[in-house]
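Predicted model only: the values in this text are computed from it and were never measured.
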Amino acid sequence: MPKMKTHSGAKKRFKVTPKGKVLARHAMTSHILGKKSAKRKRRLGEPVHISPHDAPRIKDLLRK
């Protein structure tokens, strides 16, 4: 049986840290930025840890 392929969409959006946590980018960062404060935009630029409840599904997509 051939190898399973990694999910292409997931590999572009998520990263697994050395400790096994999943990182993703924040939502609401692509447009309508004029009304958002500089402080808010800076915070949205930082990666966010995915909830431990959602992480197993993402890891499964990245493992394939």
Side-chain angles (χ1 to χ4, degrees):
M1 192 169 158
K3 291 181 180 179
M4 295 289 286
K5 291 188 177 181
T6 301
H7 190 280
S8 297
K11 73 183 173 188
K12 294 170 192 171
R13 289 170 172 84
F14 303 106
K15 179 188 173 204
V16 181
T17 64
K19 286 195 171 187
K21 294 180 180 178
V22 180
L23 291 178
R25 64 179 187 84
H26 274 277
M28 302 177 206
T29 57
S30 58
H31 61 100
I32 315 176
L33 299 174
K35 63 175 79 168
K36 295 172 184 143
S37 68
K39 179 180 178 180
R40 182 173 168 194
K41 287 186 277 193
R42 266 198 309 279
R43 279 187 296 121
L44 291 173
E46 294 293 316
V48 64
H49 287 283
I50 297 295
S51 160
H53 301 288
D54 295 326
R57 287 187 297 136
I58 296 166
K59 286 182 186 176
D60 187 41
L61 292 171
L62 295 172
R63 239 182 249 130
K64 290 182 178 178

hydrophobic_cluster_shared for V16 and I58, side chain cutoff 4.5 Å = yes
Counting only pairs under 3.5 Å, give me each side-chain donor-acceptor contact of residues 38-52, with atom names and distances, residues two or more places apart or in other chains.
{"residue": "K41", "atom": "NZ", "partner": "L33", "partner atom": "O", "Å": "3.3"}
{"residue": "S51", "atom": "OG", "partner": "H53", "partner atom": "N", "Å": "3.1"}

May I ask you to check whether over 12 heavy atoms, not counting those of K21, lie within 6.0 Å of atom NZ?
-> no
Under 3.5 Å: donor-acceptor pair, side chain of K59, backbone of G20 | yes
Salt-bridged, D60 to R57, with N to O below 4.0 Å?
-> no
